[in-house]
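Numbers restart at 1 for each chain; the letters A, B, ... are given by sequence-line order, proteins then strands.
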Amino acid sequence: MAFSVTTPIYYVNSDPHLGHAYTTVAGDALARHHRQRGEDVFFLTGTDEHGGNVARAAEAAGMPPKQFCDEVSERFRRLTTAMESSNDFFIRTTDPEHERRVQDFVQHLYHDGHLYEGTYAGLYCSSCEVFYTEGDLIQPGNLCPIHNRPVEWVEEKNWFFPLSKWAPKLLELYDANPDFVRPRARYNEARSMIAGGLEDVSFTRATVSWGIPVPWEPSQTIYVWVDALLNYRTAQEYGLGRDVTAEFWPTSLHLMAKDILRLHGIVWPAMLLAAGYEPPRGLFVHGYFTTGGEKMSKTMGNVIDPFEVIDLLGADALRFYLMREVQWGQDGDVTWEGLHRRYEGELANDLGNLVSRATAMIVRYREGRVPEGRNALEPVHESVAARLDAVDLSGALEEIWTLVRSANRYVEEQQPWVLARSDEPEQVRALDDALYTLADTVRSLGVMLYPYIPASAEKILAAVGDPGAITWERAALGTLAAGSEVRQPEPLFPRVEK
RNA sequence: GGGGGUGUAGCUCAGCGGUUAGAGCAGCCCGCUCAUAACGGGUUGGUCGCUGGUUCGAUCCCAGCCGCCCCCA
């Protein structure tokens, strides 16, 4: 089995923020989970670097575009590293290997008659090199929101992709794949967009210089979204130093926020169908964040910086918080307060403390060896796997947490500290069972939590004498060998000053 | 302007035609001591955005309105 998963490539006109971190964690958790299921995985992320918006941001920063892109892209790369993302490749659309392939792809469409020449007209700001709609502009007077100057009505010759023509094929694709877009509401949304009629899209720009030249008409550049979407294909062709499309194409799953559903659910599959490539197997569309009920923005000064969170609480804390707090597929509200609450209440108190108490008792009552016994708790790994198969990341985590809670309840019910005072064989056996249950349950939690909090999961597995045993079969209960060596680790999630 | 989503306990969210609407957190009471002063039990708390409609019966279906989010114009 092969599984390929992508985040969108992140646009370098602004710095990395929590939304980027979110999609990256989601992709990483899925990638790690599929790897632990024994599948070959290609997990892709990267940066999108062309277009008028980037050129403008570079100019504002007083830098040539490429140098600007190098710097911002590097910050995105640092975010993936800081978050312990296990992406197999980090693509940049300014990679020459990508640029060349984008030209080939577009040339191929042109050659096969899939593009036609048309007129693109709109309100254009020559400083931004961007077309605006009236709603974007400052009224009255149609002023550019960046430059506060009137925009002008500009008409340009562009090459168009006849998207409308592909509507029947797209509908076929949707009807044949009821899970093509998840969650269901987004599928309905995309499908009704198609059924309601599509506009052809301009694939080239005459007025944007920072882009990949159109091969047969080098005065124009390829529209940045065409360039960007193609990363999913080109990365598989060169990212690993060899072409892996035979194994990983079509992409199993594209992850994205709801703002770019139309591009991924409609334009992208149509492009691929036109070129004779198989469209992706599926999309998952997640929501947007607010903080304290309001949009995050620099001007509001309410931005939560992922680097700051990682510095303070660690990558696992951020990963856990994002996957736990926000219902996967819905919009959600994230705050520092909520982050601390989850960190203390769930990571430190529920999970961290469970690991501490379980290991401490085995060290204390059984010299640090896991006794013979059987696990008395109900397993959850099957429902966890089922949730993950349905790409329900927060739902799977919720399932896992029921086992964390059961284990803490189990300790209170068994009262191992009472059993430990007796030499009666029955009590000794009861204590063995209790301690085995705890060690084995903690271990199973380590396996299931590995996709979400990999560093902590590895510490858990090492603490119960089963280091590195992350394959999914080991998520089942009762697979810990008696005699395994247990030590009490340092607190996994130490208390932190707020 | 058009399309889509969303609005359920103080907070984060489940539920989605049918007995007294659920969970976690927070609050309150009690228990325990293995553990990161952690854990467990109990409990308080809701006109299910508003207004109509369909129905024997609606949080759940339909219509309109309001707030917030996204896309397209």
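For the pair A:L354 CG and B:U33 C1', the computed distance is 16 Å after rounding to whole Å. Note: CG (A:D316) to P (B:U36) measures 20 Å, nearest angstrom. As rounded to whole Å, 12 Å separates atom P of B:A73 from atom CG of A:L198. The CG-P distance, from A:L492 to B:U36, rounds to 12 Å in whole Å.
A:R357 has no side-chain polar atom (N or O) that falls below the 4.0 Å cut-off from OP1 or OP2 of B:U36. Here A:R364 reaches the OP1 or OP2 of B:A35: one of its side-chain N or O atoms lies under 4.0 Å away.
Within the 3.5 Å criterion, the main-chain N or O of A:I9 finds no donor-acceptor partner in the side chain of A:T45. Side-chain atoms of A:Y174 come within 3.5 Å of backbone atoms of A:G265 as a donor-acceptor pair (strictly under, hydrogens ignored).
Here the separation of B:G27 from B:C11, taken at their P atoms, is 15 Å to the nearest Å. Taking the P atoms as reference points, B:U36 lies 48 Å from B:C68, given to the whole Å. When the P atom is used for both B:G53 and B:C69, the distance is 32 Å, rounded to whole Å.
The residue A:Y365 sits close only to the backbone: its heavy atoms come under 4.0 Å of sugar-phosphate atoms, none of a base. Counting non-hydrogen atoms under 4.0 angstrom, A:D350 reaches the backbone sugars and phosphates but no base. Across all strands, A:Q488 comes closer than 4.0 Å only to sugar-phosphate atoms, never to a base (heavy-atom distances). When heavy atoms are screened at a 4.0 angstrom cut-off, A:A348 is found touching base atoms of the nucleic acid.
A pairwise comparison of heavy atoms in A:R366 and A:D432 identifies NE-OD1, 2.6 Å as the closest pair.
Of the options A:R184, A:R182, A:E189, a side chain to side chain contact (heavy atoms under 4.5 Å, CB included) to A:R186 is made by A:E189 and by none of the others.
Taking every side-chain heavy atom of A:E189 into account, B:G3 is the closest of B:C39, B:G3, B:C71. Here B:C32 is the nucleotide among B:U36, B:C32, B:G24 with the atom lying nearest to any side-chain atom of A:W417. Relative to the side chain of A:K258, the nucleotides B:C69, B:C34, B:G3 differ in distance, and B:C69 lies closest. Checking B:G3, B:C34, B:C39 against every side-chain atom of A:N408, the shortest atom distance belongs to B:C39. For A:R262, counting side-chain heavy atoms from C-beta on, the closest listed nucleotide (B:G3, B:C71, B:G41) is B:C71. Minimum atom distance to the side chain of A:S356 is reached by B:U36, of the listed B:G3, B:C34, B:U36.
Within 3.5 Å, no donor on the side chain of A:N353 pairs with an acceptor on the base of B:A38, nor the reverse. Not a single donor-acceptor contact under 3.5 angstrom links the side-chain atoms of A:E337 to the base of B:C25.
Taking the six-membered ring for Trp and the full ring otherwise, the centers of A:W328 and A:Y22 sit less than 6.0 Å from each other.
For A:E117, the side-chain contact (heavy atoms from CB on, under 4.5 Å) test picks out A:K157, A:W159, A:E217, with sequence neighbours left out.
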Strand RNA chain B in bracket notation, Watson-Crick/G-U under 3.5 Å with | for pairs to another chain: ((((((((.[[[[.)..(...]]]].(((((.......))))).....[[[[[..)....]]]]]))))))).
Only distances under 3.5 Å count here; give the side-chain donor-acceptor pairs of residues 445-461 of chain A to other protein atoms, sequence neighbours excluded, each with its distance to 0.1 Å.
| unit_1 | atom_1 | unit_2 | atom_2 | d |
| --- | --- | --- | --- | --- |
| A:Y450 | OH | A:R32 | NH1 | 3.0 |
| A:Y452 | OH | A:L393 | O | 2.7 |
| A:S456 | OG | A:D316 | OD2 | 2.6 |

Between side-chain atoms of residues 193-203 of chain A and protein atoms elsewhere (two or more places apart, or another chain), which donor-acceptor pairs fall under 3.5 Å?
| unit_1 | atom_1 | unit_2 | atom_2 | d |
| --- | --- | --- | --- | --- |
| A:D200 | OD1 | A:L163 | N | 3.1 |
| A:D200 | OD1 | A:S164 | N | 3.0 |
| A:D200 | OD1 | A:S164 | OG | 2.6 |
| A:D200 | OD2 | A:Y116 | OH | 2.6 |
| A:S202 | OG | A:N158 | OD1 | 2.9 |
| A:S202 | OG | A:T204 | O | 2.9 |

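A:F76 and A:H20 have perpendicular rings, their planes meeting at more than 60° on a 0 to 90° scale where under 30° would count as parallel.
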Sequence-aligned protein contact record of nucleotides 7-14 of chain B, with B where the base is within under 4.0 Å of a protein heavy atom and S where only the sugar-phosphate is: ----SSSS
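Contacts classified as salt bridge (charged side-chain N to carboxylate O under 4.0 Å, His left out) and involving residues 442-453 of chain A (residues at least two apart or in different chains) are given here: A:D440-A:R443.
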